[in-house]
Amino acid sequence: MSTAMNFSAKSFKPRPPDKGAFPLDHFGECSAFKERFMQCLRDSGFESGACRERAMAYLQCRMDRQLMANEPLEKLGFKDLMDEKSEAERGKL
Amino acid sequence: MRPVRERVLKVTFNADVHAGLQWNFRPQQSEIYVVPGETALAFYKAKNPTDKPIIGISTYNVVPFEAGQYFNKIQCFCFEEQWLNPHEEVDMPVFFYIDPEFAEDPKMAKVDSITLSYTFFEAKEGQHLPLPGYQ
């Protein structure tokens, strides 16, 4: 077995997730949202950036059903998409 | 946090179960393409094909080793016990991002692919999850 001689200042230690573990979606309440997201991935050649709206919708589904702690979507890396949404809504008024 | 658009990275997904765990566990996508600084979602799937409930617990690993420090999991299914009923199948999401500082590390200049591996074990009392790397 070889040892990795790691002299870099930062070293990798597996860390627990920042927001903890997702409770399991035992009843598949968000399966439809997951499926739409996966379809987007398949259609886009697995480009994560192309499917952020659907990723956001999936996480929103979880939050709506207490399968994820409520957190403003802006803080989950979706600020640009949320800003677009508010602008679109303002345009309708 | 700003996405570093010129640095596309391929993230590939691996799934393992320890010999003692009778779950079927697999990634739902073999790879996705991400950029540092942009959050990403991916899925695994787990099924308990037996007639008894089974509790699993997982750990993860990132290859290359040095890229692991830039891999940030916002939320996932790891490190906590997960209970699957007999014949139950569930989606297991991983929500993560690669730290934008990755793009500024000269040691990472040639890294364009990162592999994320999850391994599930059967959860037992007094168990110590084997963690990779140096303690």
Side-chain angles (χ1 to χ4, degrees), chain A residues 3-35 37-38 40-42 44-59 61-63 67-69 71 73-81, chain B residues 1 3 5 8-11 28-35 37-43 45-46 58-62 64-85 88-97 101 105 107 129 131-135:
Chain A
T3 44
M5 296 298 277
N6 193 359
F7 293 113
S8 57
K10 271 186 175 179
S11 59
F12 171 55
K13 291 182 177 61
R15 302 179 298 265
D18 291 347
K19 306 275 178 206
F22 278 118
L24 292 186
D25 182 5
H26 286 283
F27 303 109
E29 295 174 83
C30 296
S31 298
F33 289 89
K34 180 222 68 168
E35 219 14 79
F37 169 77
M38 291 304 301
C40 173
L41 278 188
R42 287 188 288 262
S44 69
F46 296 93
E47 199 192 309
S48 172
C51 303
R52 291 171 63 234
E53 276 214 44
R54 295 198 184 181
M56 190 168 78
Y58 175 79
L59 297 175
C61 169
R62 274 192 164 255
M63 286 192 250
L67 292 171
M68 180 176 179
E71 187 97 28
L73 290 164
E74 291 85 345
K75 290 205 167 151
L76 295 175
F78 297 112
K79 182 175 191 307
D80 57 326
L81 296 181
Chain B
M1 186 170 74
R5 300 223 171 276
V8 177
L9 290 168
K10 179 162 122 169
V11 177
Q28 295 194 40
Q29 64 291 303
S30 51
E31 78 250 8
I32 58 170
Y33 296 87
V34 304
V35 295
E38 193 171 75
T39 55
L41 181 64
F43 286 89
K45 191 183 275 271
S58 69
T59 183
Y60 77 99
N61 191 19
V62 177
F65 181 87
E66 296 83 359
Q69 65 188 295
Y70 297 107
F71 186 84
N72 291 288
K73 293 181 317 303
I74 300 172
Q75 199 154 358
C76 69
F77 50 86
C78 47
F79 295 110
E80 281 192 25
E81 292 181 352
Q82 306 289 353
W83 171 297
L84 279 190
N85 279 318
E88 186 174 11
E89 182 171 53
V90 287
D91 290 321
M92 291 182 151
V94 184
F95 186 48
F96 68 94
Y97 65 94
E101 282 189 17
D105 185 343
K107 291 196 289 306
L129 267 192
L131 296 176
Y134 286 76
Q135 310 298 323

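In what follows, every chain begins at residue 1, and chains take the letters A, B, ... in the order their sequences are listed.
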What is the distance from atom CD of B/E31 to atom CG of A/L41, rounded to the nearest 0.5 Å?
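Rounded to the nearest 0.5 Å, the CD-CG separation comes to 10.0 Å.
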Reported OG1-to-CE distance for the pair B/T39 and A/M56, which is rounded to 0.5 angstrom:
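Between B/T39 OG1 and A/M56 CE, I get 10.0 Å after rounding to 0.5 Å.
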If you tally heavy-atom pairs under 4.5 Å against chain A, which of [options] wins?
{"options": "B/N72, B/I74, B/V90", "value": "B/I74"}
{"options": "B/D91, B/V11, B/V8, B/V34", "value": "B/D91"}
{"options": "B/A40, B/C76, B/S30", "value": "B/C76"}
{"options": "B/Y97, B/F77, B/W83", "value": "B/W83"}

Select one option (side chain, backbone, both, neither) describing which atoms of B/M1 are under 4.5 Å from chain A's heavy atoms.
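Neither; nothing under 4.5 Å.
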Please classify the contact between B/E38 and chain A as side chain, backbone, both or neither, with a heavy-atom cut-off of under 4.5 Å.
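Just its side chain gets close to chain A.
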Provide the closest heavy-atom pair for A/K34 versus B/K45 in the form atom of the first, atom of the second, distance.
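Smallest heavy-atom distance, with atoms named: NZ-NZ, 4.1 Å.
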What is the minimum heavy-atom distance between B/I32 and A/S48, and which atoms define it?
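Looks like CD1-CB, 4.2 Å.
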At a 4.5 Å cut-off on heavy atoms, which part of [X] comes close to chain B: side chain, backbone, both, or neither?
{"X": "A/R52", "answer": "side chain"}
{"X": "A/F37", "answer": "side chain"}
{"X": "A/R54", "answer": "neither"}
{"X": "A/L76", "answer": "both"}

Could you check whether the rings of A/F78 and B/F95 sit parallel, tilted or perpendicular, using 30° and 60° as the cut-offs?
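Because their plane-to-plane angle is under 30°, the rings of A/F78 and B/F95 count as parallel.
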Min side-chain heavy-atom separation A/E71-B/Q75 under 4.5 Å:
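SC-SC contact between A/E71 and B/Q75 ruled out.
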Among A/F22, A/F27, A/Y58, residue most engaged with chain B (heavy-atom pairs, under 4.5 Å)
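Ranked by heavy-atom pairs under 4.5 Å with chain B, first place is A/F22.
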